[in-house]
Amino acid sequence: MDIGLIINNLVHPPVLFFFLGMIASFCKSDLKIPDPLPKLFSLYLLLAIGFHGGVELRKTGINQEVIFSLSAGILMAIIVPIYTFFILKIKLDTYNAAAIAATYGSISAVTFITAVTFLQTLGLEPGGYMVAALALMESPAIVIGIILARLFAPNNKEGNHFSWGMVMKEAFLNGSVLLISGSLLIGLASGEEGWDTLKPFTKDIFKGMLSFFLLDMGLLAAKRIGDLKSAGFFLPPFAILVPVLNACVAIFIAKLIHLQPENALVFSVLCASASYIAVPAAMRLSLPEANPSLFVPMALAITFPFNIIVGIPLYYYLIMRTDQWIPLFWK
Amino acid sequence: MDIGLIINNLVHPPVLFFFLGMIASFCKSDLKIPDPLPKLFSLYLLLAIGFHGGVELRKTGINQEVIFSLSAGILMAIIVPIYTFFILKIKLDTYNAAAIAATYGSISAVTFITAVTFLQTLGLEPGGYMVAALALMESPAIVIGIILARLFAPNNKEGNHFSWGMVMKEAFLNGSVLLISGSLLIGLASGEEGWDTLKPFTKDIFKGMLSFFLLDMGLLAAKRIGDLKSAGFFLPPFAILVPVLNACVAIFIAKLIHLQPENALVFSVLCASASYIAVPAAMRLSLPEANPSLFVPMALAITFPFNIIVGIPLYYYLIMRTDQWIPLFWK
Amino acid sequence: MDIGLIINNLVHPPVLFFFLGMIASFCKSDLKIPDPLPKLFSLYLLLAIGFHGGVELRKTGINQEVIFSLSAGILMAIIVPIYTFFILKIKLDTYNAAAIAATYGSISAVTFITAVTFLQTLGLEPGGYMVAALALMESPAIVIGIILARLFAPNNKEGNHFSWGMVMKEAFLNGSVLLISGSLLIGLASGEEGWDTLKPFTKDIFKGMLSFFLLDMGLLAAKRIGDLKSAGFFLPPFAILVPVLNACVAIFIAKLIHLQPENALVFSVLCASASYIAVPAAMRLSLPEANPSLFVPMALAITFPFNIIVGIPLYYYLIMRTDQWIPLFWK
Amino acid sequence: MKRVVKVEIVTDSLEVENIIKLLEEVGVSGYSVIKDVTGKGHRGVRSGYEFADLFKNSYILVVGEENQMHKVVEAIKPIIKKFGGLCIVSDVILRIHRGDD
Amino acid sequence: MKRVVKVEIVTDSLEVENIIKLLEEVGVSGYSVIKDVTGKGHRGVRSGYEFADLFKNSYILVVGEENQMHKVVEAIKPIIKKFGGLCIVSDVILRIHRGDD
Amino acid sequence: MKRVVKVEIVTDSLEVENIIKLLEEVGVSGYSVIKDVTGKGHRGVRSGYEFADLFKNSYILVVGEENQMHKVVEAIKPIIKKFGGLCIVSDVILRIHRGDD
Ligand SMILES: Nc1ncnc2c1ncn2[C@@H]1O[C@H](COP(=O)(O)O)[C@@H](O)[C@H]1O
Ligand SMILES: Nc1ncnc2c1ncn2[C@@H]1O[C@H](COP(=O)(O)O)[C@@H](O)[C@H]1O
Ligand SMILES: Nc1ncnc2c1ncn2[C@@H]1O[C@H](COP(=O)(O)O)[C@@H](O)[C@H]1O
Ligand code: NA
Ligand code: NA
Ligand code: NA
């Protein structure tokens, strides 16, 4: 594998700030980004990528590649939690298996953003519609996870308190889904002219805000690793291997529908990433039996750093390589 | 009325983010901009427009138009609460009438900013001294409101606790008045050179910060509408009709003193806008008998959205039209 | 002394915002920048100057001037607290003398930044390695202060609770040291390319963020002046005279090692500045007997404003003047 | 000056709205809420979460007549049993309140 | 270990400064304040306001000797009567405090 | 419904972690913490500091069996004596808790 890709990814300031955060946390420094500042950065990032995606989508319009990509995104958001669930059932009870499956079926917007940033250092820019894929892929896994739990749970005695309306609200109207989708629509509606208005805010300072946010992610990821001590030997490797598996499936599908390498990368990163915002929020009401001190640190302290540091360049390498393999294997 | 004006206003990103906030709130999404982030945006906006206004004012200097505009502003800040008070007295007790009169006599800086943004999409830029008008128009209505309450209140038994010093402090030294006036003076003092220093902060990212703030305003405005359920049938229409009335009086005065259309617009918007920051703060001590769950949601949930969405293009339309009527009527 | 220098410094927007904050506080206005927004600004400033310094340091590389400057910085960080301690012992007990000595031996990053900003208005730019000096000068004085306290304290009965590991952690791993050093290393590692990525965030909006932060510093400095009422007649003049003394020593050393005037200024400003972030944090555990309501307001309410307003132009004037004196005195 | 009962509740912050609804139904004269409470109990550590309003407790204080407070406790029991927390009661003297002396 | 009286006050956040002044006048040994308290009472819901420091309560806790606490209650009564809130007292045991045992 | 003892502690925020360690050692069933508490005592005013997490108190609430709470008080005494604050105890009735009735 081209070691230059990893290094190129690693000396990128936002990723370096992620390391700084991890180091600060390991040294037990008192460096801290107090609440609610992390929320400011995450709201900003969602607004900015949503808006940017919308403006770009208006430029390309809705063509075949767009429809194929979005369909593939929804497909993956449905099948990933299903096969992940059955892998997890080997070792875990139904509730935790379903919650972790939803976690890995849904996506992480910041992992997506880091992949876009990685591509930009290579001079590439993924299609704006990939932001639409992101928005579409956040919620379905939550619904699938809950359906799986209800199908396989011993006996649903808590059925009386359960309401599908609630589940749908949590899945499709949670803040992050709404902000990114809404910003995308605003970008679509306001187009180039709107872009000129907001560009200094949504584009120019973007990498700086991302660096700040990744500094905080580093602090938190390192802090949460300890939570996994009691998780046993199964889950930590799962939190690395399943993302790679999901990325491979995604790369395969990307080849099938002839995505450009840059779009294939962000697509595979979406599939490989795990949700630590929308899913925990939805699980509280829908699957209160699942243990958040398993699925949250898995996504945050293992999968997220893995994707940021190793995953993104690895998937890109695989995408560039399989251009040679796939034809052989295909014909 | 030129429907294009409204549409032009509506597809402007900041206004679209206001809608997004309203929609999120109506859907009961958990999207939220946690405290004190809204304060960050509002402090920023005050600092930025104050500073910009000061720099511009230094360029134009103090000429006749400036003096006329500022005098007209103060005049309106005095007469609006007076006639508003008597309209309100028809249905309300003295204390609430006085507090609502102060609310509508004072101004909303964000409504002002949105009007400036609207003009910029038309390629127009109001004079920097209009920011001075804004600063001057924030406080007088508070004092007038309190005077009216003391004149008309049954018997001022609480006189012993009341101090004019306190009232003046609340009216003229509240944070928002001080920040915008101070920033204006700093802009005046530092001029072009200071402008170059701060431009990327106070100008380039301005519309982005405004979008973020309006997102929050949308969330809050929608949430507060419910507070008005118990307000009866009089106040909601009041919260739309009185601003339009105030705008019409302002347009008339603007014509009298020959303001340019862009300055006439921001002047009428100032008069039409209602305060939801300085006034509630001043009322707590000065008119504790007034009910804040009337005057706050009126300003925030009705008048503010109305001005942002319909008012600004409407007043502009009226200004452009009356150029034809006024001469007829005048001679 | 060239009065133009002071005026030039004073009409600079960030300094004017500092005045605005002081005035607002003296007027008892309710203007306030609520927690944790001040933390956002201070984290931003540390990140931005660290990163900028690292990028610049990579350009110059490590030459003789760099090594001399950094050595001089460490030297001053060691000797300043020592002689300051003995001055303070005249009037104070060992614990308070040691804590105040540490305060004046350590540095204030925002004073440094204001000096850099002052130089930029004169068209000068200090070397990036001065940021490294800043980072190196933050911690030693803390260690020296604690050693002095232990040497001179009557009898160290609390020895059982004391741990040097703790002291070193507080001194070298506190958040502000770590963030500025880490950002410097990130700047070093990512160089020009990284700079292009982050410039709009770390440079363009820098002066605006600084203005906001100084507005808050003004509010706080004015508020804290009252804390010194009970401090007696010795400490307030100390908080002005000792910084000037430290600056003079620094200027002398700067001449010896032939620093350029711009580097000599920031060096002397570092020596003259007093810490109000790292030192109070370290003192809680290491010197709990020292009274924070002495050393915190001295640094924040006297030394900081003095340096910002008078000190910076004064030290610059001395540097330009001594170019003529030193040769006479030297030969 | 009146003997009243003080009810203190610690529970999941997201349940505060539901508990308030129940308090309104019982008809209490008022209540007070402290939002940012962390803690630990049978469900493990609850110290908040930076990315969502989760894993945090709130503290609710209600004072009122003994039998009304009894109804309050019964009304909120199912929520506390489901979402965790605890509820303690004690006797206090209400010294100042609107209309009282 | 000492029997003392605990005074708990909930009132408008903006009155905390004035109440503290009164506590100093009575000469209490200390006090504690929790700033962000929301709630509901006779004056309706008080859940804070995003644009100004308004419509929020604070909680004040003071412990001390019985007759001193009695003076505290009398001193703050006018403020609570004017700006709302409540004040409750109860008996507690002070187990740790500077100089006590 | 069970008679328990309620321990309330106010102390330096930075000592909360150490106190929690001691609570765990004593083996309490849970605890609750309110972070942002200001106040005044023998060490002067503690109203927080904008530039560092200093000069602020926290409030800790623990309920449990009488003799366990006695151990809690003894365990935390050295911290309170060193870093300031106070600790009060009182009797309350635990009305709702996991598994109890
Ligand atoms: N013994 C206790 N003392 C004080 N607070 C408790 C206690 N037990 C539980 N809590 C609080 O109630 C919350 C939920 O408790 P649980 O449902 O037992 O996890 C905890 O996070 C604590 O804040
Ligand atoms: N019965 C009660 N129990 C607890 N808190 C109350 C009660 N009544 C009033 N409060 C608190 O005191 C504040 C002011 O009360 P009021 O003056 O009645 O509006 C409310 O917002 C509540 O925080
Ligand atoms: N009499 C008291 N009543 C309530 N809180 C107190 C009292 N004395 C001290 N405190 C709290 O304990 C903290 C530390 O007290 P001290 O160690 O006496 O400075 C103070 O800042 C207060 O928050
Ligand atoms: Na995924
Ligand atoms: Na108005
Ligand atoms: Na120094």
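In what follows, chains are A, B, ... by sequence order, proteins preceding strands, each numbered from 1.
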[X] side, atom [atom1]; [Y] side, atom [atom2] - distance, nearest 0.5 Å:
X: F/Ile93; Y: D/Asp91; atom1: CD1; atom2: CG; result: 7.0 Å
X: F/Ser32; Y: D/Lys40; atom1: OG; atom2: NZ; result: 12.5 Å
X: F/Leu61; Y: D/Ile88; atom1: CG; atom2: CD1; result: 5.5 Å

Pick whichever of D/His42, D/Arg43, D/Arg46, D/Lys6 has the most heavy-atom pairs under 4.5 Å with chain F. D/His42
Please state whether the side chain, the backbone, both or neither of D/Val73 comes within less than 4.5 Å of a heavy atom of chain F.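 Both backbone and side chain of D/Val73 come within 4.5 Å of chain F.
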Quick one: are F/Leu94 and D/Leu86 in side-chain contact, heavy atoms under 4.5 Å?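 Side-chain contact under 4.5 Å: yes.
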Test side chain to side chain contact (heavy atoms under 4.5 Å, CB included) applied to D/Val89 and F/Val92, step by step: CA-CA 6 Å; D/Val89 305; F/Val92 298; over 6 Å; no
Show, in sequence, the C-alpha distance, side-chain angles and deciding distance for F/Lys35 and D/Asp36, and conclude whether the side chain to side chain contact (heavy atoms under 4.5 Å, CB included) test is met. CA-CA 8 Å; F/Lys35 278 245 173 69; D/Asp36 281 330; over 6 Å; no
Indicate yes or no: does F/Arg95 engage D/Glu8 in a salt bridge with an N to O separation below 4.0 Å.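 Looking at F/Arg95 and D/Glu8, the cut-off is not met.
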Could you tell me whether D/Glu74 atom CD has more than 12 heavy atoms of other residues or ligands within 6.0 Å of it?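 Atom CD in D/Glu74 is packed in, count exceeds 12.
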